[in-house]
Student: 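Structure incoming, see below.
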Number of protein chains: 2
Amino acid sequence: MFDRSSSVSTIRRKPNQARSQERVNRILDVAEALFVSQGYAATTTNEIAKQAQVPIGSLYQFFSDKKAIVQALTVRYNQLLRERLALFSTAELTKLPLSTYVEQLIDTTTQFFNDYPGYYAIFMEVQGSVPEVQEVEDTADAQLVADLARSLVQRDASKDTVDYEIVTFVLVKAIGSLVWLSLGQEQAFQQRLIVEAKRLALSYLQSYFPSS
Amino acid sequence: MFDRSSSVSTIRRKPNQARSQERVNRILDVAEALFVSQGYAATTTNEIAKQAQVPIGSLYQFFSDKKAIVQALTVRYNQLLRERLALFSTAELTKLPLSTYVEQLIDTTTQFFNDYPGYYAIFMEVQGSVPEVQEVEDTADAQLVADLARSLVQRDASKDTVDYEIVTFVLVKAIGSLVWLSLGQEQAFQQRLIVEAKRLALSYLQSYFPSS
DNA sequence: CTACAATGTGAGCATTGCTCATGATTTGAC
DNA sequence: GTCAAATCATGAGCAATGCTCACATTGTAG
């Protein structure tokens with residue numbers, strides 16, 4: 001193919017590095033597509049390898065086992081979600097009324113799941129049966145909880161008897177499960193559920209911060 | 001409406017009837033114990049059969065496949081839970097203050113999960129990956145939602161603009177996920193979560209029924 | 001007792017996640 | 001440039017497991 005022994009002598013670049021990254025991405029893309037269309041359990045690692053045009057042995061050099069593939073996908077997705085939610089930790093949005101803040105937060109999350117339907121399709125099945133995935137998502141949730149708690153403090157630091165962390169923890173988990181649940185519902189019911197999720201979040205928050 | 005032919009199918013009226021029922025129960029008991037101690041995926045049907053002292057072929061006469069075994073366990077558990085929660089649909093408890101009502105409801109549920117730790121151990125893993133189980137639990141939740149809605153109407157039927165069903169739906173799902181989540185936590189945090197779950201439920205309900 | 005039906009049984013098949021012996025490629029000292 | 005050693009790539013095949021099905025056993029009727 002290429003003559004790489006020619007001029008530059010002391011270059012130590014690994015020609016495989018880039019190529020390997022390429023292969024890993026192909027594996028992840030193929031796996032994502034197959035998991036969505038057939039489900040995780042029904043997708044064989046051999047088929048992933050074949051469609052990604054990677055020998056099965058090589059696949060197992062990059063991923064220790066089948067679970068590691070979904071885990072990598074989980075990380076990928078959560079990075080995307082985190083980017084979108086980063087806004088809500090800035091000082092800017094802290095000035096909005098609580099109700100607007102909650103609404104936008106929930107809308108942004110819902111929008112994310114609409115933009116990446118694979119997230120729901122895959123993790124609906126895998127939840128619980130793959131501890132590594134659970135762990136990644138718990139970590140992501142924990143970051144969000146901490147970020148939101150900081151944001152809440154910024155909004156109203158006067159209530160020092162309030163445990164901000166547990167309030168945001170409860171919100172992230174309870175609202176998260178409602179939003180998740182809504183994804184599997186008919187359009188109309190889904191929207192109704194989102195409305196109720198916002199009301200649930202807001203009434204809980206107002207029980208702690210009765211001001212505006 | 002209801003398919004109850006699932007596990008106890010129409011077995012001939014032979015002297016074996018009783019014996020067969022005995023065997024089915026042994027299989028379920030053994031399966032429950034193994035699922036709890038090793039997990040669902042790690043438990044082989046052959047091992048269940050061996051420990052239940054039933055040939056593998058016979059096991060597959062009673063249960064169409066491995067999933068059918070967890071499904072049967074799910075039905076079993078949900079019958080027990082339903083019994084405990086039946087109280088809350090009676091007129092008696094409707095006279096209690098809303099806060100007390102919510103508290104007792106949540107405490108009863110929590111108590112149930114403490115009494116049957118197998119429920120959590122098994123269904124934590126199986127959630128989502130076995131659609132039949134999901135279905136059974138969704139049906140159980142739907143019954144609870146309907147019962148609670150009726151109970152709410154009884155308490156305050158004046159608000160005819162309120163969609164009681166969706167309110168109880170949101171409560172069952174949101175509070176349910178919090179209670180479920182609390183089961184995997186340290187004792188102290190678990191109790192704290194239950195307290196917050198009650199507050200969440202109550203503040204949401206009070207946003208609809210601002211009375212007492 | 002004989003013939004037939006119903007039920008019980010477990011060796012073994014098909015599938016699939018994963019390994020590892022073998023071969024190809026790269027490296028670096030001379 | 002050469003060559004040995006280290007590194008990486010490959011896919012046939014192993015082990016494990018859910019499930020089947022041909023055969024055995026038990027029960028019934030005439």
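Proteins come first, then strands; the chains are lettered A, B, ... in the order of their sequence lines, and each starts at number 1.
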Student: Looking at the side chain of B:P55, which of C:dG10, C:dC18, D:dC19 is the nearest nucleotide?
Tutor: C:dG10
Student: Mind checking whether B:Y208 and B:Y204 have parallel, tilted or perpendicular rings, split at 30° and 60°?
Tutor: perpendicular
Student: Mind calculating the distance between CD (A:E22) and P (D:dA9) to the nearest angstrom?
Tutor: 14 Å
Student: Taking 4.0 Å as the cut-off, does a side-chain nitrogen or oxygen of A:S58 come that near to OP1 or OP2 on D:dA9?
Tutor: no
Student: Write down the distance between CD1 (B:I56) and P (C:dA14), rounded to a whole number of angstrom.
Tutor: 18 Å
Student: Could you tell me which residues satisfy side-chain contact (heavy atoms from CB on, under 4.5 Å) with B:T168, sequence neighbours excluded, listed by chain and number?
Tutor: B:V145, B:L148, B:A149, B:L152
Student: Does anything in residues 122-133 of chain A reach DNA chain C, meaning a heavy atom under 4.0 Å, and if so which residues?
Tutor: none
Student: What is the distance, rounded to the nearest whole Å, between atom CD of A:Q61 and atom P of C:dC18?
Tutor: 15 Å
Student: Taking only residues two or more places apart in sequence, or in another chain, which ones meet B:F88 in a ring pair (Phe, Tyr, Trp, His ring centres under 6.0 Å)?
Tutor: B:Y101
Student: Ring of B:Y60, cation from B:K66 - is the NZ or CZ under 6.0 Å from the centre and inside 45° of the axis?
Tutor: no
Student: Does some side-chain heavy atom of A:R199 sit less than 4.5 Å from a side-chain heavy atom of A:V195?
Tutor: no
Student: Would you mind reading off the distance between A:K66 atom NZ and C:dT15 atom P, rounded to a whole angstrom?
Tutor: 15 Å
Student: Considering just the side-chain nitrogens and oxygens of B:R23, establish if one lies under 4.0 Å of OP1 or OP2 belonging to C:dT7.
Tutor: no
Student: A:Y60 OH to D:dC14 C1': how many Å, rounded?
Tutor: 14 Å
Student: I need the residues from residues 31-54 of chain A with at least one non-hydrogen atom less than 4.0 Å from DNA chain C; give them sorted by number, or say none.
Tutor: A:T43, A:T44, A:T45, A:N46
Student: Just list the side-chain donor-acceptor pairs under 3.5 Å for residues 129-136 of chain A, sequence neighbours left out, or say none.
Tutor:
unit_1	atom_1	unit_2	atom_2	d
A:S129	OG	A:V126	O	3.0

Student: Any donor-acceptor pair under 3.5 Å linking the side chain of A:E137 with the backbone of A:T74?
Tutor: no
Student: Quickly work out the A:I69 CD1 to C:dT16 C1' distance and round it to whole Å.
Tutor: 13 Å
Student: Filter on salt bridge (charged side-chain N to carboxylate O under 4.0 Å, His left out), then keep only pairs touching residues 177-188 of chain A, sequence neighbours left out; what's left?
Tutor: none
Student: Check this for me: does any side-chain nitrogen of one of A:R26 and A:D29 sit under 4.0 Å from a carboxylate oxygen of the other?
Tutor: no
Student: Roughly how many Å is it from CG in A:L59 to P in D:dA9, rounded to a whole number?
Tutor: 12 Å
